[in-house]
Structures are given as structure tokens and as C-alpha cells.
Participant: 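This is the structure, below, for whatever I ask next.
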Amino acid sequence: MPELPEVETVVRSVAAHLAGRRIISSHFTSRFVTPGNRAKLVQRLAGRRIESVKRRGKFIIIALDRGTLTVHLGMTGKLLVEGEAGEHTHGVFNLDGGLLLYHDPRQFGRIEFSDGVPPRVARLGPEPLEIGFEEFRARLKRKARIKALLLNQAFLAGLGNIYADESLFAAGIHPLAVADRLSAARAKKLYDAIRGILTHAIQMGGSSISDYVNGRGERGWFQMEHRVYGREGEPCTNCGRPIRKILVAQRGTHFCAHCQKK
DNA sequence: TCAAATGTTTGATC
DNA sequence: GGATCAAACATTTG
């Protein structure tokens, strides 16, 4: 579920509620979500105070008075400050004012404690909403297919399958286009498309295409704005020809063969 | 033969 | 070294 706009929405929905709260105790039930020594994790979290909740790429960064708790939602993770624990709840934080729950049926998400910046966060590329155009263009000087590059978190942090496809459509660029062969004008179109779509999606509370909800259980609405993602066979909103779906970088890739050029 | 799903990592291969 | 590909993780859904 979670790409940059969804993670940003989750962070915004829980940050004020969590800041200043103390973790009384915690409980974890998945060896996948919380790899390693769970008893040690519980011990390290006990008594910690939450200083802030922020986002970096698709990671939720919870700064504690000692150490950092990093949460990645994977494909089906939810961080909730409302609701109750259920069958797929794999993390429970008892705070000095309420509960914080981590729910994740597929268990592709991760909850990790670290003293410094976690390695996975350290490897992230720039934030798409903060990078300047010149740096963006310089980073495109690689002979990889643009769709694969947009999904690469070391290239840019936060784009996933939905927003990569939507950004390429908005920029009129074919997903198989080779990155270092894009003209400056087309690179600028892509840069603007990425920023415009991410900003718009955040305003709409993200995309709820299956069951995504923010930290208070509320759905997002950007799925109503999707032009290509999940629209295989439906008419292109620009030219009316059917949206096609192919496999690029192992991911389903939606595009209009008429409106998006290599 | 059940395939595909908003993600990431690892290892093999070209 | 760079890029691609396949598999792995676990579960639900069409």
C-alpha cells in the first residue's frame, strides 16, 4: 500500500498524537516484521519517550529520547492509533496515553530499532519533493529503463509502482525509455510530473486501492485520479486508446503506447 | 501449473 | 561495475 504519499499521510495522521508519549511496554509476534532478538527490542523500547515522527522515503522514522524506531510498511502494513488488535497485528505499543498498533497480513513490513541511522535509510536517494532539477537530471545519466530507475529507492526515495506509472504517463514518457537518452525538456517534464503528482496525492490522503488507511483508519482518494495504474484495457483519458500493461523490472507497468514515447 | 498484489533484498547472469 | 532477472519473504483476493 504505501508509497511516499501514503507514508506521508500516515505520518501526518499520527505525529501530533504520538509526540511526547512514553512507551510503557511493547509486544511483537512476527519473526519477519521484527527480525532478530525481540526480547531485546522490547527491553530497549521500554520507558522511551517519542520525540518526533517523520518520513524519509517510504520509511516512518520515530525519534526516541534514546535511539530511533524505524517502521517500513512493506506491502500491507498499517500503523494505527485507533482500533483494536486483530489476527494480523504484529506489534503493540502501550503508550502512556493510548495504544499504537502495527498490523500487517503479509508481514513484508519491518520494525527496527537503531542507535544511529539504519543502513536501509542511509542508502536512500534524495527526496523527490526536495531535490532540485539539475541534480535530478544529473542522476538520470544511467542506461537503465526509466521505470526501473524510478522504482530504485537509491535513485529517488519514495516512488513505488503506482506513482512511477502515473508520473511517466503525466510526463508522456514510455516506461521502457532509457534514462540517459531523455532530453532536458523531457527530463523536466518528468521532474515536474513526479512532484505534481506526489503533492496532489498527499493532498488527497494517498491512494486506497485495496485497504490502505492512515493512522486513524481513514481512506485516501487519489485512486480516483489514477490515469493508468489499474486501468488496463480502459480508454486513455488523453487519446481514448486502451491502456496497456506490460512487465518491467518484475512489476506490472501500465501505460498508453500512443501518449508515452520512448 | 493459479496469478497477481502499493516492496525490498539477495544472488545469478549477461 | 552496471543492469537485468528470478526468487524469496506470507497472505489475500479474483
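Each chain gets a letter, A, B and so on, in the order the sequences are listed, and its residues count up from 1.
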Participant: Could you tell me the separation between the CZ atom of A/F108 and the P atom of B/dA5, rounded to a whole number of Å?
Facilitator: 13 Å
Participant: Can you name the residues that form a side-chain contact (heavy atoms from CB on, under 4.5 Å) with A/Q203, not counting sequence neighbours?
Facilitator: A/T199, A/H200
Participant: Over how many whole Å does the gap from A/Q223 atom CD to B/dT6 atom C1' extend?
Facilitator: 12 Å
Participant: Roughly how many Å is it from NE2 in A/H72 to P in B/dT8, rounded to a whole number?
Facilitator: 4 Å
Participant: By the rule that ILVMFWY residues connect when side-chain heavy atoms come within less than 4.5 angstrom, directly or transitively, which residues belong alongside A/L176?
Facilitator: A/I246, A/V248, A/F255
Participant: Rounded to whole angstroms, how far apart are CZ on A/R110 and C1' on C/dA8?
Facilitator: 11 Å
Participant: By the rule that ILVMFWY residues connect when side-chain heavy atoms come within less than 4.5 angstrom, directly or transitively, which residues belong alongside A/L247?
Facilitator: none
Participant: How does DNA chain B look in dot-bracket notation if pairs are Watson-Crick or G-U with both distances under 3.5 Å, crossing ones as [ ], other-strand ones as |?
Facilitator: .||||.||||||||
Participant: When rounded to the nearest Å, what value does the distance between C1' atoms of C/dA3 and B/dT6 take?
Facilitator: 24 Å
Participant: Applying side chain to side chain donor-acceptor pair (under 3.5 Å), can you list everything that pairs with A/Y163, at least two apart in sequence or on another chain?
Facilitator: A/E6, A/S207
Participant: Of all residues at least two apart in sequence or in a different chain, which pass the side chain to side chain donor-acceptor pair (under 3.5 Å) check with A/H27?
Facilitator: none
Participant: Is any side-chain heavy atom of A/F59 less than 4.5 Å from a side-chain heavy atom of A/V7?
Facilitator: no
Participant: With a 4.0 Å cut-off on N to O distance, would you call A/E127 and A/R56 a salt bridge?
Facilitator: yes
Participant: Could you work out the separation of B/dA4 and C/dC5 based on their P atoms and round it to a whole Å?
Facilitator: 16 Å
Participant: If I take atom CZ in residue A/R231 and atom P in nucleotide B/dA5, what distance separates them, rounded to the nearest angstrom?
Facilitator: 17 Å
Participant: Can I get a per-line list of side-chain donor-acceptor pairs under 3.5 Å for residues 153-160 of chain A, giving both atom names and the distance, sequence neighbours left out?
Facilitator:
unit_1, atom_1, unit_2, atom_2, d
A/Q153, OE1, A/G158, N, 2.9
A/Q153, NE2, A/L151, O, 3.1
A/Q153, NE2, A/L159, O, 2.9

Participant: Nearest whole angstrom, please: distance from the P of B/dG7 to the OH of A/Y163.
Facilitator: 10 Å
Participant: Between A/H90 and A/D104, is the side chain to side chain donor-acceptor pair (under 3.5 Å) condition met? List the steps.
Facilitator: CA-CA 7 Å; A/H90 293 294; A/D104 191 353; over 6 Å; no
Participant: Determine the Euclidean distance between corresponding P atoms of B/dT1 and C/dT12; express it in Å to zero decimal places.
Facilitator: 25 Å
Participant: Could you check whether A/Y212 and the base of B/dT6 form a stacked pair, meaning centres closer than 5.5 Å and planes differing by less than 30°?
Facilitator: no
Participant: Would you kindly give the CZ-to-P distance between A/F59 and B/dG7, to the nearest whole Å?
Facilitator: 12 Å
Participant: Any carboxylate oxygen within less than 4.0 angstrom of a Lys/Arg side-chain nitrogen, looking at A/D165 and A/K245?
Facilitator: no
Participant: Answer yes when A/D65 and A/R48 have at least one side-chain N-carboxylate O distance shorter than 4.0 Å, and no when they do not.
Facilitator: yes
Participant: Closest approach to the side chain of A/K245, judged atom by atom: which nucleotide of B/dG7, B/dA4, C/dA6 is it?
Facilitator: B/dA4
Participant: Compare the minimum distances between each of C/dC9, B/dT8, B/dA5 and the side chain of A/R120, then state the nucleotide with the smallest one.
Facilitator: B/dT8
Participant: Using heavy atoms and a sub-4.0 Å distance, could you list which residues of residues 139-161 of chain A are near DNA chain C? By number, please.
Facilitator: A/R142, A/K143, A/A144, A/R145
Participant: Which pairs, protein N/O on one side and nucleotides 10-12 of chain B N/O on the other, fall under 3.5 Å?
Facilitator:
none

Participant: Would you classify A/Y229 as touching base, sugar-phosphate or nothing, given that sugar-phosphate means primed atoms plus P, OP1 and OP2, and contacts are heavy atoms under 4.0 Å?
Facilitator: sugar-phosphate
Participant: If only atom types and distance count, is the side chain of A/E166 paired as donor or acceptor with the main-chain N or O of A/Y229 below 3.5 Å?
Facilitator: yes
Participant: For nucleotides 11-14 of chain C, give me every protein contact, N/O to N/O, under 3.5 Å, one pair per line with atom names.
Facilitator:
unit_1, atom_1, unit_2, atom_2, d
C/dT11, OP1, A/Q107, NE2, 3.3
C/dT12, OP1, A/H88, NE2, 3.0

Participant: Parallel, tilted or perpendicular: which fits the ring planes of A/Y191 and A/F136, with parallel below 30° and perpendicular above 60°?
Facilitator: tilted
Participant: For C/dA7 versus B/dC2, give the span between their P atoms, rounded off to a whole number of Å.
Facilitator: 16 Å
Participant: Among all residues two or more places apart in sequence or in another chain, which pass the side chain to side chain donor-acceptor pair (under 3.5 Å) test with A/E51?
Facilitator: A/R49
Participant: Output the rounded distance in Å from CG (A/L4) to P (B/dT6).
Facilitator: 17 Å
Participant: A/R123: which residues meet the side chain to side chain donor-acceptor pair (under 3.5 Å) condition with it, sequence neighbours left out?
Facilitator: none
